[in-house]
Amino acid sequence: MTQLQSLRGMVDLLPEHTSRWQAVESVARDHFRRAGLQEIRTPLLELTELFARGIGEATDVVGKEMYTFVDRGDRSCTLRPEGTASVVRAALQHGLLSQGPQRFWYGGPMFRYERPQAGRQRQFHQIGVEYLGVGSPRSDAEVIVLAWALLVDLGVQGLVLEINSLGTLQDRKKYREELVAWLEARSDQLDDDSRKRLHTNPLRILDSKNPAIRELLQDAPTLFEALSVESKGRFEEVQVHLETLQIPSQLNPRLVRGLDYYGHTAFEITSDQLGAQATVCGGGRYDGLVEQLGGPPTPAFGWALGMERLMLLLEAAASINPDGSAARVMASTRPDLYVVNRGEQAERVALVIAHQLRAAGLVVELDSSGAAFNKQFKRAGRSRATWALVIGDDEAERGEGRLKYLQEATTQANPTPIDQLHRLDDVTGLVRLVRE
RNA sequence: GCGGGCGUCGCCAAGUGGUUAAGGCAGCGGCUUGUGGCGCCGCUAUUCGGGGGUUCGAAUCCCCUCGCUCGCCCCA
């Protein structure tokens, strides 16, 4: 293949998709605004150490999925694989945490060096929320409902909210020992993968998709049983708040999540319409991270939502229900007016009137090809504009344009009546007419 | 990193060893230099992801390579 191509897993967003993305982003921004969140934008590139310390050396993300290189100043740099570590770093760096609780949202590209497949790319996009400095069980529910409400508002169907509690560090340490002991006694029944994890990251074995392992795990001790009374109580409180908010949730005791910084509440919002990559949104509590990165002990909670996966769900929802809100979000804008013009004087006038109508707020497409009228009409039809404004030299001479309504099909039997003339200097009148 | 499937025009796609590489959509031009969606006519791949080999002859067989895709792993 001699033709230059984008890198594997790096995807172009073409115009038919960018309009949908903008629509989704604007709905999200509005939700965040009403929740009192502020946007934060951090660099795409950070010191490798930030992610190594924040996410955890033993995790897959850090161990094998990062885009890392050494820059000209001999620093090890990494393209961000997720947003949370950077947000915490920025809050710390600028002393934001000493000003009380901080509520952020962010969005943008993330990078993970993985084999692409359905719902998984090397450069992908997330929008996310981080609540820093708030530790109540109530805030867990408040932040989760933000994600849930956004998805519901966008018209996504068939979502499941799965939640679990990972307890405290001590809870996990205690459980880890129990689990390792239990699994070691049955190590002959483990697959290679699980055996490898036994000592690096045993909790992740719980998440295995291997049916044999799942079967075996049926009788394993669960994390929930190992939780302290306080941790259990806290988690129950979160569940009560979710119920009060009428968010249906399912306890998933195997839900562990792959980033080291999570503790207590962890959750995922999944759909059965995403193939193997079922999670559209995931997050949880990460009370230890701020300290881990050199800050004061600070409770925190957040989530990230995958834009590409969300778009997949929106497409599915729109095709099932063409009148629903998902379909509305997917619809692209069409021009109000297409200016058909030909002739020296007419073309000059058309340029000016197009400019004036745009200034007045209409979506106007100007044909500047100088092609024959029938060509221009053909393009006007294809542009899906509501109206055509026709200006030839006759009209230009009189300072008028012909308005033609394009939304009704012409047939042989019903040739379109020729429309109406309208003064070109009456811009507000034109705008009113087009807007109806 | 490991498996499976696939690669013929911008898109969909026929062709499975004999030579002129169907067809549809889209695009462009014309019928139509003043009125679109319908119709009719014409044009658009010396070439089948790339390289090498077998053969008198290859899009069709073999080898290598690149890419896409789905799954494992992991996660958004």
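Everything quoted here is computed from the prediction, not taken from an experiment. Chain A is the first sequence line, chain B the second, and so forth, proteins listed ahead of strands; every chain is numbered from 1. The figures here come from the full heavy-atom set of this structure, side chains too, leaving out hydrogens, waters and symmetry mates.
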For nucleotides 3-7 of chain B, print each protein N/O atom paired with a nucleotide N/O atom at under 3.5 Å, atom names and distance only.
none

(request) Answer with yes or no whether Glu395(A) presents, from its side chain, a donor or acceptor under 3.5 Å of a partner atom in the base of G34(B). (result) yes
(message) Short of 4.0 Å, heavy atom to strand atom, which residues of residues 117-124 of chain A count as contacting RNA chain B?
(response) Gln117(A), Ala118(A), Gly119(A), Arg120(A), Gln121(A), Phe124(A)
(request) Indicate, with a heavy-atom threshold strictly under 4.0 Å, whether Val280(A) touches base, sugar-phosphate, or nothing. (result) sugar-phosphate
(message) Using OP1 and OP2 only, check whether a side-chain N or O of Arg257(A) sits under 4.0 Å from A76(B).
(response) yes
(request) With C1' as the reference atom in both, quote the distance from C41(B) to G53(B) in angstrom, rounded to an integer. (result) 46 Å
(message) Can you check the distance between A45(B) and G10(B), where both ends of the measurement are the P atom (answer in whole Å)?
(response) 10 Å
(request) For a side-chain hydrogen bond (donor to acceptor under 3.5 Å, both in side chains) with Ser86(A), tell me which candidate from Arg80(A), Arg41(A), Glu46(A) qualifies. (result) Glu46(A)
(message) Return the pairing partner of C11(B) with a 3.5 Å limit on both distances, Watson-Crick or G-U wobble; otherwise return none.
(response) G24(B)
(request) Identify whether NZ of Lys or CZ of Arg in Arg112(A) sits under 6.0 Å from the centre of the six-membered ring of Tyr67(A) and within 45° of that ring's axis. (result) no
(message) Can you pull out every side-chain hydrogen bond (donor to acceptor under 3.5 Å, both in side chains) where at least one residue sits in residues 6-18 of chain A? Sequence neighbours excluded, please.
(response) His17(A)-Arg20(A)
(request) Once you apply the 3.5 Å cut-off to both distances, tell me the Watson-Crick or G-U wobble partner of A59(B), or none. (result) none
(message) Just to verify, which of Trp21(A), Tyr106(A), Phe111(A) counts as forming a ring pair (Phe, Tyr, Trp, His ring centres under 6.0 Å) with His125(A)?
(response) Trp21(A)
(message) Would you measure the distance from the P atom in G7(B) across to the matching atom in C12(B) and give it in whole Å?
(response) 12 Å
Is there any protein nitrogen or oxygen under 3.5 Å from a nitrogen or oxygen in nucleotides 28-33 of chain B, and what are the pairs?
{"from": "U32(B)", "atom 1": "O2'", "to": "Asn374(A)", "atom 2": "ND2", "distance (Å)": "3.0"}
{"from": "U32(B)", "atom 1": "O2", "to": "Asn374(A)", "atom 2": "ND2", "distance (Å)": "2.9"}

(request) Give a yes or no answer on whether the side chain of Asn341(A) reaches the backbone of Asp367(A) with a donor-acceptor pair at less than 3.5 Å. (result) yes
(request) Measure from the side-chain heavy atoms of Arg8(A) and tell me the nearest of G36(B), A76(B), G67(B). (result) G67(B)
(message) Can you tell me the base-pairing partner of G67(B)? Count Watson-Crick or G-U wobble geometry only, both distances below 3.5 Å, and say none if there is no partner.
(response) C6(B)
(request) Look at the side chain of Arg204(A) against the base of C73(B) and say whether a donor-acceptor pair falls under 3.5 Å; ignore hydrogens and angles. (result) no
(request) Just name whichever nucleotide pairs with C40(B), Watson-Crick or G-U, keeping both distances under 3.5 Å, else none. (result) G30(B)
(request) May I ask you to say what Gly392(A) touches in the nucleic acid, namely base, sugar-phosphate or nothing, with a heavy-atom cut-off under 4.0 Å? (result) base
(request) Could you work out the separation of U55(B) and G71(B) based on their P atoms and round it to a whole Å? (result) 43 Å
(message) If I pick the C1' atom on U47(B) and the same atom on U60(B), what distance separates them, to the nearest angstrom?
(response) 14 Å
(message) Can you list everything that forms a ring pair (Phe, Tyr, Trp, His ring centres under 6.0 Å) with Trp105(A)? Sequence neighbours excluded, please.
(response) Phe32(A)
(message) Check this for me: does any side-chain nitrogen of one of Arg120(A) and Glu114(A) sit under 4.0 Å from a carboxylate oxygen of the other?
(response) yes
(message) Without decimals, in angstroms, what is the distance between Glu308(A) CD and U69(B) P?
(response) 13 Å
(message) What's Ala380(A) touching, base or sugar-phosphate or nothing? Going by heavy atoms closer than 4.0 Å.
(response) nothing
(message) Please give me every residue in residues 31-65 of chain A whose heavy atoms get under 4.0 Å of an atom in RNA chain B, ordered by residue number.
(response) Asp60(A), Lys64(A), Glu65(A)
(request) Output the distance between atom OG1 (Thr279(A)) and atom CZ (Phe267(A)), rounded to the nearest 0.5 Å. (result) 10.5 Å
(message) A cation-pi test, strictly: NZ or CZ of Arg285(A) under 6.0 Å from the centre of the six-membered ring of Phe301(A) and no more than 45 degrees from its axis. Yes or no?
(response) no
(request) Give a yes/no verdict on a cation-pi contact between Lys404(A) and Tyr338(A), requiring under 6.0 Å between NZ or CZ and the six-membered ring centre and an angle within 45° of the axis. (result) no
(request) Between C66(B) and C75(B), how far apart are the C1' atoms? Round to whole Å, please. (result) 28 Å
(message) By the 4.0 Å heavy-atom rule, please label Asp393(A) as base, sugar-phosphate, or nothing.
(response) base
(request) Using the P atom as the reference point in each nucleotide, state the distance between A26(B) and U65(B) in Å, no decimals. (result) 41 Å
(request) Name the closest nucleotide to the Phe377(A) side chain, picking from G34(B), G36(B), C75(B). (result) G36(B)
(message) For the C1' atoms, the ones on U44(B) and on C9(B), what distance do you get once it is rounded to whole angstrom?
(response) 8 Å
